[in-house]
Visitor: 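Here you go, one structure.
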Amino acid sequence: MEVIIQRDKDAASALVARIVANELRANPRLVLGLATGRTMESVYRMLVRLHREEHLDFSQCRTFNLDEYVGLSPSDPRSYNQFMYENLFRQVNIDLRNTHLPSGLAQDLDGECRRYETAIEDGGGIDLQLLGIGQAGHIGFNEPLSALRSRTRVKALSPATLKQNGAQFGGEDKMPRRAITMGVGTILEAHRCLLLATGESKADIIAQAVEGPITSMVSASALQLHPRCTVIVDEAAAEKLKGKEYYRWIFENEPEWEGYR
Ligand code: F6R
């Protein structure tokens, strides 16, 4: 795992967008794993800008999203399908047939989860997976105690997640109780993972995920097992990390990051 600390949210999001753009330029048929949530909005805004100003080409790119709420139709404005459409897909030249999210309306939800895993496999696996982190440490909707080898499945949302996302539904009680999510095991198979966390509300959980023990109580801690995972944080989210000076030293000295400093 590598940790990169940027001065603020804009700089952290811009770095994530630049890494995605560089990977996409190197491989126009990139398979991107996508996340939703407030943290990702600025990353998508910057990718849209790169598309408009620097002709970043999404025409051959394929995408798989981490998760979708059970019970919401893809056209529901609160669905992750719509989130992706509004924040990225409709603003770039991506072929919508190449974009994939689990269907929260499937009659057979377990069958839908298996179908989604097979679609990822048939697509050649995920090259670059974007991740946010929930206040209780989830990646995707892998709530505390998610098995570290779990695959795409239906998960009950934890009280912390209901609280975190309730406002978007006009209250926790109006929110879906379950979601389909890629598993921790599915995420760990991505070739490269990029986790973005910003703001002081993420400082505690980032410290646990990066410097704490690997535990299913904090799903993001499983990323310590990943051979190529970069955690990008702003100063506020880095506040509780003990090894800050060491992480800064690596970023300054590692040749891989030369073009990004
Ligand atoms: C959403 C997802 C979640 C979010 C996390 C952080 O697709 O996978 O894990 O990334 O809940 O959400 P925000 O960015 O809203 O704090």
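One-based numbering, in listed order, for ligands and for the atoms of each.
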Visitor: Run the numbers for me: atoms of ligand 1, each under 4.0 Å from some heavy atom of G37, listed by number.
Guide: 14 (O), 15 (O)

Visitor: Of all the non-hydrogen atoms in the protein, which one sits nearest to atom 10 (O) of ligand 1, and at what distance?
Guide: G132 CA, 3.3 Å

Visitor: Check contact between Q135 and ligand 1, using heavy atoms of the residue and a distance below 4.0 angstrom.
Guide: no

Visitor: Side chains of E143 and L157: closer than 4.5 Å at any heavy-atom pair?
Guide: yes

Visitor: Suppose we measure from atom 14 (O) of ligand 1 to each protein heavy atom; which comes out shortest, and what is that distance?
Guide: T39 OG1, 2.4 Å

Visitor: Would you mind listing every ring pair (Phe, Tyr, Trp, His ring centres under 6.0 Å) that reaches into residues 154-179, with sequence neighbours excluded?
Guide: Y69-F169

Visitor: With a 4.0 Å cut-off, would you call R151 and E121 a salt bridge?
Guide: no

Visitor: Tell me the protein heavy atom at minimum distance from atom 16 (O) of ligand 1, and give that distance in Å.
Guide: K202 NZ, 2.7 Å

Visitor: Are any of the N/O atoms on M40, whether in the backbone or the side chain, positioned under 3.5 angstrom from an N/O atom of ligand 1?
Guide: no

Visitor: Mind telling me whether Y44 and F83 have parallel, tilted or perpendicular rings, with 30° and 60° as the class edges?
Guide: perpendicular

Visitor: Are any of the side-chain nitrogens in E41 or R38 under 4.0 Å away from the carboxylate oxygens of its partner?
Guide: no

Visitor: Does a side-chain N-to-carboxylate-O contact under 4.0 Å join E200 and K240?
Guide: no

Visitor: Going by distance only, is there an N or O of Y80 that falls short of 3.5 Å from an N or O of ligand 1?
Guide: no

Visitor: Is it the case that atom CE in M1 sees more than 12 heavy atoms from other parts of the structure closer than 6.0 Å?
Guide: yes

Visitor: Given G33, G140, A197, which one has a non-hydrogen atom that is nearest to atom 9 (O) of ligand 1?
Guide: G140

Visitor: Please confirm whether the backbone N or O of S59 pairs with a side-chain atom of D95, one donor and one acceptor, at under 3.5 Å?
Guide: no

Visitor: Considering only non-hydrogen protein atoms, determine which one is nearest to atom 4 (C) of ligand 1 and report residue, atom name and distance to 0.1 Å.
Guide: T36 O, 3.9 Å

Visitor: Which one of I133, T161, N65 has a non-hydrogen atom at the shortest distance from atom 6 (C) of ligand 1?
Guide: I133

Visitor: So does E245 pair up with R248, basic N to acidic O under 4.0 Å?
Guide: yes

Visitor: Which atoms of ligand 1 have any heavy atom of L66 under 4.0 Å away?
Guide: 8 (O)

Visitor: Which heavy atom of the protein is the closest neighbour of atom 11 (O) of ligand 1, given with residue, atom name and distance?
Guide: H138 NE2, 2.7 Å

Visitor: Tell me the protein heavy atom at minimum distance from atom 15 (O) of ligand 1, and give that distance in Å.
Guide: R38 N, 2.9 Å

Visitor: Heavy-atom distances under 4.0 Å decide this one: backbone, side chain, both or neither, for Q164 against ligand 1?
Guide: side chain

Visitor: For the residue pair F141 and H138, categorise the inter-ring angle as parallel (less than 30°), tilted (30 to 60°) or perpendicular (more than 60°).
Guide: perpendicular

Visitor: Please report whether ligand 1 has a polar contact with N165, defined as an N or O pair separated by less than 3.5 Å (distance criterion only).
Guide: no

Visitor: Quick one: nearest non-hydrogen protein atom to atom 8 (O) of ligand 1, plus distance?
Guide: D67 OD2, 2.9 Å

